[in-house]
Each structure stands twice: as structure tokens, then as C-alpha cells.
There are 2 protein chains.
Amino acid sequence: MTSEQSKSDISRARILDAAAKTFRQKGYAATTLIEIAKAAGMQAGSLYYHFGSKDELIEEVLDIGMRRVHEAVEESQERLPADSSYRDRIRVAVEAHLTTLLKHDDYTSANIRIFGQVPEEVRQHHIRQRDAYAELWRRILTKAQKSGALRSDVDLGLVRMLLMGALNWSVEWYQPGRTSIQTIADHMCLMLFSGIGIEEPIRSGENETVA
Amino acid sequence: MTSEQSKSDISRARILDAAAKTFRQKGYAATTLIEIAKAAGMQAGSLYYHFGSKDELIEEVLDIGMRRVHEAVEESQERLPADSSYRDRIRVAVEAHLTTLLKHDDYTSANIRIFGQVPEEVRQHHIRQRDAYAELWRRILTKAQKSGALRSDVDLGLVRMLLMGALNWSVEWYQPGRTSIQTIADHMCLMLFSGIGIEEPIRSGENETVA
DNA sequence: TCGTAAATCTAATGTGCGTTCGAAACATGT
DNA sequence: ACATGTTTCGAACGCACATTAGATTTACGA
């Protein structure tokens, strides 16, 4: 071992990268160890020197993916000046989440895409981690609401779900060259804070206010 | 053949129902024909009397699922009085989409959950249908924007994607007894039209307007 | 240069699944 | 009751995959 536990770690990293990429593209069950091994430059059997099973491998991919968004959003909050507005807090959180998701991170998008497909046992392993990330958002939104930055008559749990859905779904349609990540984040925040509606001129008999 | 081509059609329907349910739960590759057959009350081999292959079966499930949302949203528009506000048009579309998704429709939720996992060839078969549904929403939103009901400075394509994401993601977290579908739709529309932000009292030095 | 441990290869094993096909069971009109 | 078409069964085939274990190579300190 020379500098910092090389070789085994390098291979391990290559395998994980290959796995994340392949899992994201093809889904859990459709991804074969042969494929992952080839992408990592080795034979399928060799994977077992580094991982005990396919499930162990996928668990680590899921783990890393979730850790990355979590850390990104957490750091986005810490980087912010202490006197930042709550809108800014939410805005940078949205940007951090989206950026991690869409910018060279197969791990994060793999997590989102395959989580619903993995065996129950593997899923159970990650519920704690998922909950922790949800809790982070819960805190951000709750503080904003308590401070009066968000309407007090909305169900924040619901808002969070809808928000996460809008953001996470982007892995299904986002294409690098088309719309910038920043633009997506801007639109999301606009919808979240102000909506995109305009009071309509009364057309005939009906008029209505928003729920 | 007695009344209206019974027996074969009944079995066919039972198989499709079982397939939709199982595909939705376990995903594409993880679902076995043995499982589907058992749920339909027959042997795996018998499925081949009704369908040529696993892919043919899944294609039909995807087809039905997409057709159901499409028709539901289309009918929601036709049912509406001609002089309805554009907000109401969008609102009922959201409600129709969500209701079809979450209320006893394994086909629709299966479509959403497994579309990303099916073999490329099967996917190609449905792009046309997906585009047609997207086009329906595009029309609804464009008319609303042109009439002045929606801000003119937003990218409607982006809005549509974020909206669909928020709605579709609900299949991952929705649980029948908890929040009513209507409440979800209300929150979505509130966010879409007005947002949930409140102008913040200026805290220190910073103040900001929305993008 | 040698020896030892780490890392990878190679070939084999077993299993589960999609699919096939002829035989059996069922239904229906005559 | 018979004959014909419809529907399901049941066993078998072949293949692709996860996993295993021993042989082989590679890396590196002495």
C-alpha cells in the first residue's frame, strides 16, 4: 500500500461508478453484473473480491447517492449568510438538490430511479437515510412558515412531496443542452413562491378565488 | 361464442389486471410470468394463448394506462361549461389526472412506474401516445397563457414538466387513508396559480423580488 | 531476486425464467 | 351423443444470470 490505500480502492471506485451509471440507465433487475464488470474493465467474478453480492453493491450506490444530495443541500444552507431571507434559503436548497441530481451524478439519479425496484430488504436499509433527508427539508420549510415567509394554511408535508416530485421527475426528461439547471430552479421557485397565475378578467358569470 | 365474445376476453382481462397490478408493484424485469399467471388463476404457459410474449403483454398494459389518463383529462375538459375560466380548466385537468392515477388504476400507475425500465423497443411503441398526451396539456396551458390567465414570461414546457413531475411522483408516496386526492389537487393548484409565498418583512439588508 | 499477499481471471455450478408444444379439459352447435 | 373448435395444462428446453472456488497474475517489500 503506497499513498492512501490505492489499487483496491481505485477498483472499488471504478466498479461503483460503473454500477451507478448502469443502474440508472437500465434499472435494477435489468442490470447484469457482467455489464457492470465490463464497464469497470474486469470480469464478473472479480467483482466479488470487492463486494459480497449484487445487493451489497447496489446498497452502496443508493447510499452514496442519497448522501450526496443530503450533503449538498446541507452545505447550501451553511454557506448562506446568517441573515438570509427564507426565500433565499429555500431557493439555494432547490438549486443544490437539482444540481446534484442533474450534474454528473449517476449515484443520485440512480437512487431516485431504482429505489422503487430494489428488493424489500435493501429498501429497508435506506429508509432511515431517506427520512433524515426528508427531515432536513421539513426543517427548512417549517422555519420559513413559522417566520411568516410561507402561507400558514398549507400542509407543508404535501408541499414537500409535490416539490420533491417536481424536482426528482426531472431525471426523466432533463437533457443537458436544452434548458439550464438554473432556469429549471428559477421556474420551480417562481411557482413555489408566487405561482404563475394572473387574476383573470371576469369572463361571463363565473368568477373565483384560489382555494 | 354466446353474448359478446366471452371467455377468452374474460381471461384476457384477468391477465391484464394481474399484470398491471404486479408490474406496478415489482417493476418490469422483476415481475415474472409465473407470478402474473398465478394472480390470474392459471399456468404460465397458458398466457401464451392470449399474448405472444411478455413484451406484448406489457405493451398493452402501458397502452391502457396511458389511454385512461388521456381520456379522463380530455373528458374533464369537455364536461366543463364553455365559459369556464382557464383556471377552472386547468384545475379539473389536474384533478382528472390525479384521480385516474391514484384511484384504483393499476394501469396508469404501472405506466408511470415502469416506463423507464422497459426495453427500448417497447418504449418506442409508446412515444407517439406519450406525445399525444403531452400535446393535450400543451394546448390547455397555451390557451390559458394566451388568454392572459398565466404569466407570459414563463416557459410553458418547463412548467408542464414540473407539474407532471409533482403529480406523477404521488404514486411513490400516496396512501389512500391519509390525504384526500382533492386536497392534493388543491395544493397543487394553489402552488401553480398563486404560490405559497408571502412577502417577507425585510429582515436586514437583503430584500428580493421573484426571478 | 524472491516471496507473499492482493487482485483478477477462468471455468463451472445451479437456479429461475421466458417460451414451446403436444396433450388434456372444456364448451358449443348439430 | 358426437364432433369441432376453444382454452388451459404440464412438462420440457434453452438460456442468461448470480455466485463460487481454485488457478493465475500482479504489485511490492525484504
Side-chain angles (χ1 to χ4, degrees), chain A residues 1-23 25-62 110 114 117-122 125, chain B residues 1-23 25-62 110 114 117-122 125:
Chain A
M1 319 151 194
T2 45
S3 52
E4 16 152 328
Q5 262 152 333
S6 259
K7 193 57 192 291
S8 178
D9 287 355
I10 291 176
S11 291
R12 213 183 137 82
R14 258 221 310 276
I15 294 172
L16 283 169
D17 284 351
K21 187 181 210 165
T22 317
F23 278 133
Q25 284 172 349
K26 316 226 170 175
Y28 169 72
T31 293
T32 148
L33 291 186
I34 298 171
E35 224 169 344
I36 294 177
K38 192 185 295 175
M42 50 173 65
Q43 297 289 92
S46 309
L47 298 178
Y48 285 82
Y49 179 78
H50 302 277
F51 298 93
S53 69
K54 187 184 182 184
D55 282 0
E56 211 173 276
L57 177 52
I58 208 177
E59 274 192 36
E60 186 136 356
V61 170
L62 289 175
I114 68 180
Q117 311 169 32
V118 301
E120 191 56 30
E121 189 212 337
V122 177
H125 261 259
Chain B
M1 319 151 195
T2 45
S3 51
E4 16 152 329
Q5 262 150 330
S6 258
K7 194 58 193 289
S8 178
D9 287 355
I10 290 176
S11 291
R12 216 183 134 82
R14 257 221 308 276
I15 294 171
L16 283 169
D17 284 351
K21 187 180 209 165
T22 316
F23 278 132
Q25 285 173 348
K26 314 224 171 179
Y28 169 71
T31 294
T32 147
L33 290 186
I34 298 172
E35 225 170 343
I36 295 176
K38 193 184 295 175
M42 51 173 63
Q43 297 289 92
S46 309
L47 298 178
Y48 284 80
Y49 179 79
H50 302 277
F51 298 93
S53 69
K54 187 185 181 183
D55 283 0
E56 212 173 275
L57 177 52
I58 208 177
E59 273 193 36
E60 186 136 357
V61 171
L62 289 174
I114 69 181
Q117 312 169 32
V118 300
E120 192 55 32
E121 188 213 339
V122 177
H125 261 259

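Small disclaimer: the values here were computed from a predicted structure and weren't measured. The chains referred to below are lettered A, B, ... by the order of the sequence lines, with proteins before strands, and numbering in each begins at 1. When reading the values below, keep in mind they use all heavy atoms of this one structure, side chains included, and skip hydrogens, waters and symmetry mates.
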*asked:* For a quick test of reading the model: is some side-chain N or O of A:T32 closer than 4.0 Å to OP1 or OP2 of D:dA18?
replied: yes
*D:dT8 phosphate, OP1 or OP2: any side-chain N/O from B:S11 under 4.0 angstrom?*
yes
*asked:* If I take atom NZ in residue B:K38 and atom P in nucleotide D:dT8, what distance separates them, rounded to the nearest angstrom?
replied: 18 Å
*Going from CD1 on A:I58 to NE2 on A:H125, what distance comes out if it is rounded to the nearest 0.5 angstrom?*
13.0 Å
*Rounded to the nearest 0.5 Å, how far apart are CG of A:L62 and CG of A:L57?*
10.0 Å
_Separation of A:L16 CG from A:F51 CZ (nearest 0.5 Å)_ = 4.0 Å
_DNA chain D-proximal residues of residues 43-59 of chain B, any heavy atom under 4.0 Å_ = B:Q43, B:G45, B:S46, B:Y49, B:H50
*Taking all non-hydrogen atoms of both residues into account, name the closest pair between B:K26 and B:E35 and its distance.*
NZ-OE2, 2.8 Å
_So if I take the C1' atoms of five pairs at each end of the helix from C:dT1-D:dA30 to C:dT30-D:dA1 and get each local axis, what angle do the two axes make, rounded to 10 degrees?_
10°
*Using atom types as modelled and distance alone, determine if a side-chain donor or acceptor of A:Q117 lies under 3.5 Å from a backbone N or O of A:Y28.*
yes
*Give a yes or no on whether the backbone of B:T31 and the side-chain of B:K54 come within a donor-acceptor separation of less than 3.5 Å.*
yes
*Atom CD1 of A:I34 and atom C1' of C:dT10: how far apart are they, to the nearest Å?*
13 Å
*First locate atom CG of B:D17, then atom OG1 of B:T22, and finally report the distance between them rounded to the nearest 0.5 Å.*
10.0 Å
*asked:* I need the minimum non-hydrogen distance between A:A29 and B:A29, along with the two atoms involved.
replied: CB-CB, 3.3 Å
*Near DNA chain C, under 4.0 Å by heavy atom, which residues of residues 14-22 of chain A?*
none
*How long is the line joining CD1 of A:I10 and C1' of D:dA27, in whole Å?*
12 Å
*asked:* Ignoring hydrogens, what is the shortest heavy-atom contact between B:A20 and B:A110? Give both atom names and the distance.
replied: O-CB, 3.7 Å
_Atom pair OG (B:S8) and NE2 (B:H50), whose distance is rounded to the nearest 0.5 Å_ = 5.0 Å
*Taking every non-hydrogen atom, the tightest pair across B:I15 and B:I36*: O-CG2, 4.0 Å
*Quick one: A:E35 CD to D:dA18 C1', roughly how many Å, whole number?*
14 Å
